[in-house]
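Below: the structure, in structure tokens.
Quick note: residue numbers are just sequence positions, from 1.
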Amino acid sequence: MREMVSGANIDLAALGDEAQAVIVSLRWSSPAGDGDADVSVLLLGADGKVRSDADFFFYNNPTAADGSVQLLGKIPAEEGDEDRITLDLAAIPADVDRIVVTASRYEGARFSELDGLRLTLADRTGERLLSYAVPDAGDVSALIFGELYRRGESWKFRAVGQGYASGLAGLATDFGIAIEDDTDDGRDDATEAASAPTAQEPAPETALPRTGQPARETTAGKPSGHRTRTVRKKVTLPKAARKSLAENDSWRTARLFPVSVLKSDREREMRATSVLLSVMSQVPEFGRRLTAGFGAPAGRAETFTEVSLPHGDTPRRPDGVIRMERAGKLWTALIETKTNGNALKPDQVQDYVDIAARRGYEAVITLTNDVALEGRPLVDVKIDGRRRNKVALWHLSWAEVAHQAQMLIRHEGVGNAAHAWLLQELLHYLQHENSGCHGFQNMGPAWVPVRRGIDEETLCQGDRRAVEVVENWERLIRQVCLRLGGELGQKVLPVQRAKRGTDPDFRRAGLADDLCTEGRLTAELRIEGTPGIMAITADLRTGKLRTSIEIPAPEQGYPLTWAKRLVRQLAEAPADLHVETLTDGSAGGPRGTLERLRPEPGDILPRDDAQITGFRLSLFKSMGNTRGNAESGFIRSVDRAVDRFHAGVVTQLDRRSGRRA
């Protein structure tokens with residue numbers, strides 16, 4: 001991998017044929033654990049300006065109609081977040097001369113508050129080709145990380161690192177996107193409705209991302225005062241269930257994908273594969289969400305099951321095949337599926353990789369209940385580097401599939417009601433107890449010995465079993481993020497502190513040593529729109545789960561006013577919520593349950609006039625002892641603890657309450 005410096009450029013042709021379809025990743029971390037930014041991409045003509053509003057891609061307009069640009073959103077990285085973008089350079093229109101990759105912060109935040117600003121460029125197999133670390137972003141709220149530009153028949157990449165103190169508005173203006181205030185122009189609702197695009201004439205989504213300025217819209221190439229309309233309304237599930245016409249509650253609604261007849265693991269695998277692939281082919285939005293990160297184009301898709309492919313004396317039968325075509329180019333992936341927690345067979349996956357390489361297929365995708373960890377493949381396979389065709393090995397978990405279905409049908413919407421209904425049927429199937437597609441549900445064989453070793457104080461640092469428990473704890477937390485994010489329609493990501501280092505194995509070894517000495521598993525979640533970081537602690541010595549959040553003290557006002565305001569905000573919170581005052585210095589401040597503090601909020605204030613830095617809110621819950629699917633299971637206990645804390649505490653906090661002036 002080549003390391004770039006500001007101003008340097010490189011011809012992508014020198015990096016190989018695979019660089020025609022690339023994955024651009026932007027990453028950063030925050031010392032406070034709460035840094036975020038929105039990624040955007042602009043397509044520019046020879047004059048250095050966008051051709052129209054449709055050339056501006058961001059979180060509300062993530063995909064080009066031809067699939068040449070796709071914003072995939074955030075995923076957890078080694079530390080902080082990583083935002084991924086796929087660019088099919090061969091599909092970029094001929095009159096586009098330059099592709100600019102940017103990010104912007106909002107509500108007064110600056111890039112100088114973030115660490116480790118870096119852009120990486122990988123080929124469609126995920127192999128990283130180059131990397132660029134932004135040396136010093138400065139006090140700016142918008143930043144150009146890099147750009148790709150044409151030189152003759154090839155594309156080149158330039159490391160830029162240019163910041164804009166004027167934010168996204170200044171950056172957009174430089175590239176021909178005019179910005180105006182979204183003020184009332186005298187038109188009533190009827191006029192607005194009449195000017196909106198019809199269902200037969202969809203318009204590109206053009207509302208700008210958050211810039212820290214109220215309600216603005218892009219109007220590139222439009223006369224002053226014209227308000228660009230957004231896309232036609234997408235279909236989501238109704239919030240309230242429709243009243244049933246059944247004579248009694250024992251009647252069951254007819255389902256497209258029945259699951260009650262499934263009896264064996266093989267039947268579950270075949271049914272789950274067929275159900276998923278059929279919905280992917282019929283709901284393009286859903287299919288793209290699952291395959292875009294694997295380098296697949298946004299073209300016509302066909303899916304197949306019960307496929308037989310020659311391999312020596314005995315043919316191999318992968319669970320499925322995905323074939324996608326765009327502009328005469330074909331992209332193909334083999335699918336290997338497992339349900340009910342069954343593990344992948346390395347020799348079987350190796351055979352599929354060999355077959356794919358021999359037949360010119362692009363990828364092998366494994367799909368199981370397990371959640372992949374960064375830097376840790378689920379199976380070890382050998383990729384023959386001598387072959388001209390490079391095969392990428394990717395992994396999906398059933399939890400990720402359910403998350404993407406939830407995001408579309410409950411929050412973001414799909415093109416029509418039929419697509420929404422198909423996704424609802426898929427989600428019902430995945431969540432049924434008999435489908436076998438329930439995600440990560442077992443803490444592994446090391447769980448019971450490690451807990452026993454902690455109880456008996458015989459667990460020593462360096463014990464490999466402790467590392468296995470830490471790895472499964474990380475899988476569980478990632479799955480919690482997927483589930484909660486799908487229900488809320490918000491980004492929920494695990495926080496990785498920079499002090500733990502950037503190497504995943506080193507970080508996990510350190511957490512395993514902490515587990516041996518302290519008997520605790522810890523994690524932090526960042527939930528978009530909340531005022532702090534949710535912390536989760538599983539104390540294996542006491543058998544207690546603690547969920548908590550820290551709220552910083554306001555810059556202005558009086559401590560008693562802060563305490564009264566906090567108690568009022570938590571009027572509907574559980575009475576057993578623990579409230580602790582945080583003060584300067586190592587000594588902790590006063591603490592008590594919400595039930596005791598409601599009549600006397602002042603009891604939470606320190607008597608020695610110590611400076612209050614914030615408040616910590618915590619709930620405690622007993623955790624299950626078993627490692628399977630029983631009601632008392634540890635995994636279910638974590639899910640319930642997170643749900644109770646978020647619903648009972650986090651949702652009541654005013655996002656502005658802890659903000660410093």
Counting only N and O atoms by type, is there a donor-acceptor contact under 3.5 Å from the side chain of [X] to the main-chain atoms of [Y]?
| X | Y | value |
| --- | --- | --- |
| T303 | L277 | yes |
| H411 | E487 | yes |
| T337 | L367 | no |
| H646 | T651 | no |
| T366 | W394 | yes |
| D319 | E336 | no |
| Y361 | W331 | no |
| Q652 | G648 | yes |

Applying side-chain contact (heavy atoms from CB on, under 4.5 Å) to F440 and L476, what does each step give before you reach the verdict? CA-CA 7 Å; F440 177 73; L476 172 57; 4.0 Å; yes

How close do [X] and [Y] get, counting heavy atoms only, and between which atoms?
| X | Y | value |
| --- | --- | --- |
| A272 | C437 | CB-SG, 3.7 Å |
| L577 | L619 | CA-CD2, 3.6 Å |
| L72 | G293 | CD1-CA, 3.3 Å |
| H419 | P284 | CE1-CD, 3.7 Å |
| F304 | V307 | CB-CG2, 3.9 Å |
| L408 | F286 | CD1-CA, 3.6 Å |

Give, for atom [atom1] of [X] and atom [atom2] of [Y], the distance between the pair rounded to the nearest 0.5 Å.
| X | Y | atom1 | atom2 | value |
| --- | --- | --- | --- | --- |
| M623 | T542 | CE | OG1 | 6.5 Å |
| L570 | L594 | CG | CG | 5.5 Å |
| L344 | T368 | CG | OG1 | 5.5 Å |
| Q424 | R410 | CD | CZ | 8.5 Å |
| N340 | Q441 | CG | CD | 8.5 Å |
| W398 | Q479 | CH2 | CD | 13.5 Å |

Do [X] and [Y] have side-chain heavy atoms sitting under 4.5 Å apart?
| X | Y | result |
| --- | --- | --- |
| M280 | S278 | no |
| L426 | V283 | no |
| L427 | L423 | no |
| I322 | I335 | yes |
| V642 | M534 | yes |
| W473 | T522 | no |
| L525 | L493 | no |
| L545 | D539 | no |

For the residue pair F620 and H578, does the interplanar ring angle fall in the parallel (under 30°), tilted (30 to 60°) or perpendicular (over 60°) class? perpendicular

I551/L653 under side-chain contact (heavy atoms from CB on, under 4.5 Å): CA gap, chis, key distance, verdict: CA-CA 9 Å; I551 309 299; L653 295 174; 3.6 Å; yes

Does this structure show an ion pair linking [X] with [Y], if we count only N-O contacts that are shorter than 4.0 Å?
| X | Y | result |
| --- | --- | --- |
| D351 | R316 | yes |
| R644 | D576 | yes |
| R526 | E524 | no |
| R465 | D463 | yes |
| D354 | R359 | no |
| R266 | E269 | yes |
| D639 | R636 | no |
| R255 | E425 | yes |
| E325 | R323 | no |
| D370 | R475 | yes |

Can you check salt bridge (charged side-chain N to carboxylate O under 4.0 Å, His left out) on R507 and E471, steps first, answer last? CA-CA 10 Å; R507 185 181 71 246; E471 291 174 347; over 6 Å; no

Please check if the distance between the ring centroids of W447 and F634 is under 6.0 Å. yes

A quick test of your reading: do over 12 heavy atoms of other residues, nucleotides or ligands sit less than 6.0 Å from [atom1] of [X]?
| X | atom1 | value |
| --- | --- | --- |
| E572 | CD | no |
| E595 | CD | no |
| E306 | CD | no |

Partner of R289 under side-chain hydrogen bond (donor to acceptor under 3.5 Å, both in side chains), chosen from Q70, Q404, H403, E400: Q404

Identified side-chain hydrogen bond (donor to acceptor under 3.5 Å, both in side chains) counterpart of R268 within the set N342, N434, T339: N434

Between V279 and S281, does the side-chain contact (heavy atoms from CB on, under 4.5 Å) criterion hold? Intermediate values first, please. CA-CA 5 Å; V279 175; S281 66; over 6 Å; no

If you measure only the distance, is there a donor-acceptor pair under 3.5 Å linking the side chains of S274 and T305? no

May I ask you to check whether S618 and R546 show a side-chain donor-acceptor distance below 3.5 Å? yes

Would D643 and R483 count as a salt bridge (charged side-chain N to carboxylate O under 4.0 Å, His left out) if you check the C-alpha gap in whole Å, the side-chain angles of each, and the deciding distance to 0.1 Å? CA-CA 10 Å; D643 290 346; R483 182 183 58 79; 3.0 Å; yes

CA sep, side-chain torsions, deciding dist, call: V401, L430, side-chain contact (heavy atoms from CB on, under 4.5 Å): CA-CA 9 Å; V401 174; L430 297 177; 3.8 Å; yes

